Amino acid sequence: MNKRTRIDQLLETKPIGEKVTVKGWVRSFRNNQFVALNDGSDFDNLQIVIDRGKTDDSILRKIHPGTALGATGTLVESRGKGQAIEIHADEIVIYGESDPETYPIQPKKHSKEFLRENAHLRFRTNTFGAVFRIRHQLAYAIHTFFHERKFYYLHSPIITASDAEGAGEMFRVTTLDPANIPFNEQGQVDFKKDFFGRETNLTVSGQLEAELGALALGQVYTFGPTFRAENSNTSRHLAEFWMVEPEVAFNDLYDNMDLAEEMLKYLIRHALDHCKKDLEFLHQQAEKEDSQKPRNERPEMNLIDRLQFCLEHDFARISYTEAIDILLNSKPNKKKKFKFVIEEWGADLQSEHERYLVEKHFKKPVILYDYPKEIKSFYMKVNEDNKTVRAMDILFPGIGEIVGGSEREENLDVLVARMDELNIPKDELYWYLDIRKFGSCPHSGYGLGFERMVQFVTGMSNIRDVIPFPRTPGNASF
RNA sequence: GCCUCAAUAGCUCAGCUGGUUAGAGCGGCGGACUGUUAAUCCGUAGGUCCAAGGUUCAAGUCCUUGUUGAGGCGCCA
């Protein structure tokens, strides 16, 4: 066989009359004659027309959905209606057979749950092919966005010694034998005998390390896996997920919001520009699904319109205090339609309140800032009112919180006082405090849940369908 | 962790207030077909009704417990 040409290339350049070789996996085989071949390079398949006179029966019998094959032949304009070009095959080579009796991916609609159980094969479907091509484009765009703005990609550690960040329950990392755990004289586990000579965990966030980088390199970002051992059972949480965390020296909270909004729009625009076919397919799928729903549950906008709308409008920016005023005066609050009725300033906002603000009141993404310090983390800069901190959350329709960030407390005394208040051990975080001792300065950053972004852009309703192999409580298959 | 719902053929589902031998579409298998578009046509096989226990003359259907999954809530990104 000749060197293979990718199908996306052929679909784009259409070299009519040329002899080419393509290799991929069979999606369908019709009329004992037409193979729809997909090689992953494009959403669309290429049609291979087989000349039965030229092709052995033993080869025809091996062509089924899932079969890996190569085809060499002349590229011609298609006589059929479904495609512009096709290959008239002179030679077919079977690489790998696919037993039709046991191959789970049939040319028909499968449920997302079924495909999740077959996550090793779901890449071969239209939907998941589209989702993972978009996921790649978004990951790539993260890097170009920051690189173009002269940020440095900082690799924060996956294994950390600190468990003091308060971002969630952590997974322990150990080489101790669970059947033979060493104890010290006080009867506690003797971590001195463990691999690192101390207790270690998987990281819940690269933020603290990113701050160290930012206060020397100026502007950095991390983009890596993070781990939370929370028993969260929702369509928006994973135990292992990827997080993007930029950190910028001398940025205040408003610069932080500008950066985040600019980044989110950049990512959406990149997807619209580079994933047209995949997005159009997902858009159509969503339309089909929505048409099955009762009228009042259908979204006002469908996928591509929603993405366009986000690009064309400034995000709403309101303080927590303003948000509470809006909620106090809202119909569902007055009529006690909320499960948690807002009664006074200081209440933590529940997802029903966030959804009201985003989906009913503003009808666009909302940036909420200046939260009560009681409901936020120790490292956030305390405002002059001594009641609120310089925190901001970006809320997206259908997703909820997609970004959480803050201006960091750069004053050593205030930070130490906050840590004491919240019982956070200072000795473990001496390095974090050192940054405030030597050349401290204002700085800000945020975390973007990468899968939540992929969810928003693809319109997939369950976060388990936008990461190849999801890890959730009770589930770590593959 | 809490609340709600679900589990029937390989897949997607129907199966009414308990009542003969549990159905359909798709897929599989056998056959036909050289312009098909999730092809079509003819034929055919395929079920421990999630598991265990219970109520009843009789359970896919009712009850209890468990398992798995989904949706919602909390934690967050």
Side-chain angles (χ1 to χ4, degrees), chain A residues 26-36 44-55 60-61 64-66 76-83 86 88 98-118 125-126 165-169 204-207 225-245 260 297 338-340 348-355 375-377 393-396 399-405 446-456 461-465 467 472-475 477:
Chain A
V26 173
R27 286 293 177 82
S28 72
F29 185 36
R30 288 182 289 265
N31 209 11
N32 234 342
Q33 190 187 4
F34 301 101
V35 174
D44 285 329
N45 306 322
L46 186 64
Q47 176 156 285
I48 314 296
V49 185
I50 292 174
D51 188 334
R52 268 200 253 172
K54 284 188 201 164
T55 312
L60 287 179
R61 280 173 195 287
H64 297 287
V76 299
E77 277 182 48
S78 178
R79 268 198 272 155
K81 282 176 189 156
Q83 57 284 315
E86 63 194 18
H88 282 190
S98 174
D99 176 13
E101 208 162 348
T102 50
Y103 184 57
I105 311 297
Q106 300 161 4
K108 60 162 287 186
K109 186 176 164 43
H110 297 283
S111 68
K112 300 281 191 323
E113 291 80 15
F114 173 75
L115 291 170
R116 221 171 279 151
E117 285 167 17
N118 292 282
T125 63
N126 284 333
E165 296 164 40
E169 288 296 310
V204 292
S205 159
Q207 178 201 315
T226 46
F227 308 86
R228 307 234 171 131
E230 301 287 346
N231 191 12
S232 300
N233 294 289
T234 81
S235 55
R236 306 182 306 281
H237 289 86
L238 291 164
E240 177 182 298
F241 66 100
W242 287 65
M243 190 148 63
V244 181
E245 294 179 289
E297 283 174 31
F338 284 138
K339 202 173 165 201
F340 297 90
D348 206 349
L349 299 182
Q350 309 292 321
S351 31
E352 58 181 344
H353 307 128
E354 295 179 349
R355 221 176 306 126
I375 58 175
K376 287 291 179 184
S377 303
D393 285 350
I394 302 185
L395 311 176
F396 261 33
I399 307 285
E401 187 178 344
I402 197 165
V403 162
Y446 60 84
L448 166 75
F450 183 62
E451 282 76 16
R452 289 189 181 171
M453 188 63 194
V454 182
Q455 250 189 302
F456 181 73
S461 54
N462 195 314
I463 200 164
R464 291 163 197 156
D465 296 330
I467 187 165
T472 51
N475 202 331
S477 302

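So that the names make sense, note that chain A is the first sequence line, chain B the second, and so on, each numbered from 1. Since we're looking at a predicted model, the values are computed, not measured. The figures that follow rest on heavy atoms only: side chains count, while hydrogens, waters and symmetry mates do not.
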#### Entry: Base-pair map of RNA chain B as dot-bracket, where | denotes pairing with a different strand and pairs are Watson-Crick or G-U under 3.5 Å
(((((((..((((.....[...)))).(((((.......))))).....(((((..]....))))))))))))....
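- Separating the C1' atom of B:rG15 from that of B:rA22 is a span of 8 Å, rounded to the nearest Å.
- A:Glu352 contributes a side-chain N or O that, together with a main-chain N or O of A:Phe340, makes up a donor-acceptor pair within less than 3.5 Å.
- Looking at A:Ser232, its side chain has no donor and acceptor atom pair within 3.5 Å of the base of B:rC76.
- The shortest distance between the side-chain N/O atoms of A:Thr234 and the OP1/OP2 oxygens of B:rC73 is not below 4.0 Å.
- A:Arg61 has its CZ atom 15 Å from the P atom of B:rG28, to the nearest Å.
- Taking atom P on both B:rA24 and B:rG46, the two are 13 Å apart, rounded to the nearest angstrom.
- With sequence neighbours left out, A:His88 forms a side-chain hydrogen bond (donor to acceptor under 3.5 Å, both in side chains) with A:Glu86.
- When each of A:Asp348 and A:Glu101 is assigned the nucleotide of RNA chain B bearing its nearest heavy atom, the one mapping closer to the 5' terminus is A:Glu101.
- B:rG25 and B:rU20 have their P atoms separated by 22 Å, given to the nearest Å.
- If you measure from atom CZ of A:Phe114 to atom C1' of B:rC26, you get 13 Å, rounded to the nearest angstrom.
- Annotation: side chain of A:Ile105 is not in contact with side chain of A:Pro65 (no heavy-atom distance under 4.5 Å).
- Enclosure of atom CD in A:Glu77 is not indicated, since only 12 or fewer non-hydrogen atoms of other residues, nucleotides or ligands lie within 6.0 angstrom.
- Whole-Å rounding puts the A:Glu169 CD to B:rA77 P distance at 15 Å.
- Taking atom C1' in both B:rG71 and B:rU55, the straight-line distance is 32 Å, to the nearest Å.
- Atom name P, nucleotides B:rU37 and B:rA51: the rounded distance is 41 Å, in whole Å.
- When each of A:Gly449 and A:Ser235 is assigned the nucleotide of RNA chain B with its nearest heavy atom, A:Ser235 is the one assigned upstream, toward the 5' end.
- We find the CD1-CD1 distance between A:Ile463 and A:Ile399 to be 8.0 Å, quoted to the nearest 0.5 Å.
- Note: A:Arg452 CZ to A:Met243 CE = 10.5 Å, rounded to the nearest 0.5 Å.
- On the P atoms, B:rC63 is 26 Å away from B:rG72, given to the nearest whole Å.
- At distances below 3.5 Å, at least one donor-acceptor pair connects side-chain atoms of A:Glu230 with backbone N or O atoms of A:Glu169.
- Every ring pair (Phe, Tyr, Trp, His ring centres under 6.0 Å) that A:Phe114 has, sequence neighbours left out, goes to A:His110.
- Using atom C1' as the reference point in both B:rU56 and B:rU64, the two lie 16 Å apart (nearest Å).
- Of the possible polar contacts, none joining the A:Thr226 side chain to the A:Val204 backbone as a donor-acceptor pair under 3.5 Å is found.
- Residue A:Arg355 places at least one side-chain N or O closer than 4.0 Å to OP1 or OP2 of B:rC73.
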Could you go over nucleotides 66-70 of chain B and give all protein N or O partners under 3.5 Å, atom names and distances?
unit_1: B:rA70; atom_1: OP1; unit_2: A:Arg116; atom_2: NH1; d: 2.5
unit_1: B:rA70; atom_1: OP1; unit_2: A:Arg464; atom_2: NH1; d: 3.1
unit_1: B:rA70; atom_1: OP2; unit_2: A:Arg464; atom_2: NH1; d: 3.2

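- For the atom pair A:Phe338 CZ and A:Gln350 CD, the distance stands at 10.5 Å (nearest 0.5 Å).
- The distance between atom CZ of A:Arg236 and atom C1' of B:rG74, rounded to the nearest whole Å, is 10 Å.
- Side chains of A:Arg116 and A:Lys112 form a contact here, defined as non-hydrogen atoms less than 4.5 Å apart.
- As a whole-Å value, the separation of A:Glu451 CD from B:rC76 C1' is 13 Å.
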Which pairs, protein N/O on one side and nucleotides 32-39 of chain B N/O on the other, fall under 3.5 Å?
unit_1: B:rC33; atom_1: O2; unit_2: A:Asn31; atom_2: OD1; d: 2.8
unit_1: B:rC33; atom_1: N4; unit_2: A:Asn32; atom_2: ND2; d: 3.2
unit_1: B:rU34; atom_1: OP2; unit_2: A:Arg52; atom_2: NH2; d: 3.0
unit_1: B:rU34; atom_1: O2; unit_2: A:Gln33; atom_2: NE2; d: 3.3
unit_1: B:rG35; atom_1: N7; unit_2: A:Arg79; atom_2: NH1; d: 3.3
unit_1: B:rG35; atom_1: N7; unit_2: A:Arg79; atom_2: NH2; d: 2.8
unit_1: B:rG35; atom_1: O6; unit_2: A:Arg79; atom_2: NH2; d: 3.0
unit_1: B:rG35; atom_1: O6; unit_2: A:His88; atom_2: NE2; d: 3.3
unit_1: B:rG35; atom_1: N1; unit_2: A:Glu86; atom_2: OE2; d: 2.7
unit_1: B:rG35; atom_1: N2; unit_2: A:Ser78; atom_2: OG; d: 3.2
unit_1: B:rG35; atom_1: N2; unit_2: A:Gly80; atom_2: N; d: 3.3
unit_1: B:rG35; atom_1: N2; unit_2: A:Glu86; atom_2: OE1; d: 2.6
unit_1: B:rG35; atom_1: N2; unit_2: A:Glu86; atom_2: OE2; d: 3.0
unit_1: B:rU36; atom_1: O2; unit_2: A:Arg30; atom_2: NE; d: 2.9
unit_1: B:rU36; atom_1: N3; unit_2: A:Gln47; atom_2: OE1; d: 3.0
unit_1: B:rU36; atom_1: N3; unit_2: A:Gln47; atom_2: NE2; d: 3.0
unit_1: B:rU36; atom_1: O4; unit_2: A:Gln47; atom_2: NE2; d: 2.6
unit_1: B:rU36; atom_1: O4; unit_2: A:Gln83; atom_2: NE2; d: 3.0
unit_1: B:rU37; atom_1: O4'; unit_2: A:Arg30; atom_2: NE; d: 3.2
unit_1: B:rU37; atom_1: O2; unit_2: A:Gln83; atom_2: OE1; d: 3.1
unit_1: B:rU37; atom_1: N3; unit_2: A:Gly82; atom_2: N; d: 3.4
unit_1: B:rU37; atom_1: N3; unit_2: A:Gln83; atom_2: OE1; d: 3.2
unit_1: B:rU37; atom_1: N3; unit_2: A:Gln83; atom_2: NE2; d: 3.3
unit_1: B:rU37; atom_1: O4; unit_2: A:Lys81; atom_2: N; d: 2.8
unit_1: B:rU37; atom_1: O4; unit_2: A:Gln83; atom_2: NE2; d: 3.3
unit_1: B:rA38; atom_1: N1; unit_2: A:Lys109; atom_2: N; d: 2.5
unit_1: B:rA38; atom_1: N3; unit_2: A:Pro107; atom_2: O; d: 2.7
unit_1: B:rA38; atom_1: N3; unit_2: A:Lys108; atom_2: N; d: 3.0
unit_1: B:rA39; atom_1: OP2; unit_2: A:Ser28; atom_2: OG; d: 3.3
unit_1: B:rA39; atom_1: OP2; unit_2: A:Arg30; atom_2: NH1; d: 2.7
unit_1: B:rA39; atom_1: N7; unit_2: A:Asn31; atom_2: N; d: 3.4
unit_1: B:rA39; atom_1: N6; unit_2: A:Asn31; atom_2: OD1; d: 3.1

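- The separation between A:Tyr103 atom OH and B:rG27 atom C1' is 13 Å, rounded to whole Å.
- Taking only side-chain atoms of A:Met243, from C-beta outward, the nucleotide of B:rG72, B:rA77, B:rU12 with the closest atom is B:rA77.
- Distance check: A:Arg228 CZ to A:Leu238 CG gives 11.5 Å after rounding to the nearest 0.5 Å.
- Checking side-chain atoms of A:Ser232 against main-chain N and O of A:Thr234 turns up no donor-acceptor pair under 3.5 Å.
- Regarding A:Glu352, its CD atom lies at a distance of 16 Å from the C1' atom of B:rG71, rounded to whole Å.
- Panel note: side chain A:Asn462, backbone A:Arg464; a donor-acceptor pair is recorded below 3.5 Å.
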For nucleotides 2-7 of chain B, print each protein N/O atom paired with a nucleotide N/O atom at under 3.5 Å, atom names and distance only.
none

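- From A:Leu115, atom CG reaches atom NZ of A:Lys109 across 9.0 Å, with rounding to the nearest 0.5 Å.
- Between A:Phe450 atom CZ and B:rA77 atom P the separation is 17 Å, expressed in whole Å.
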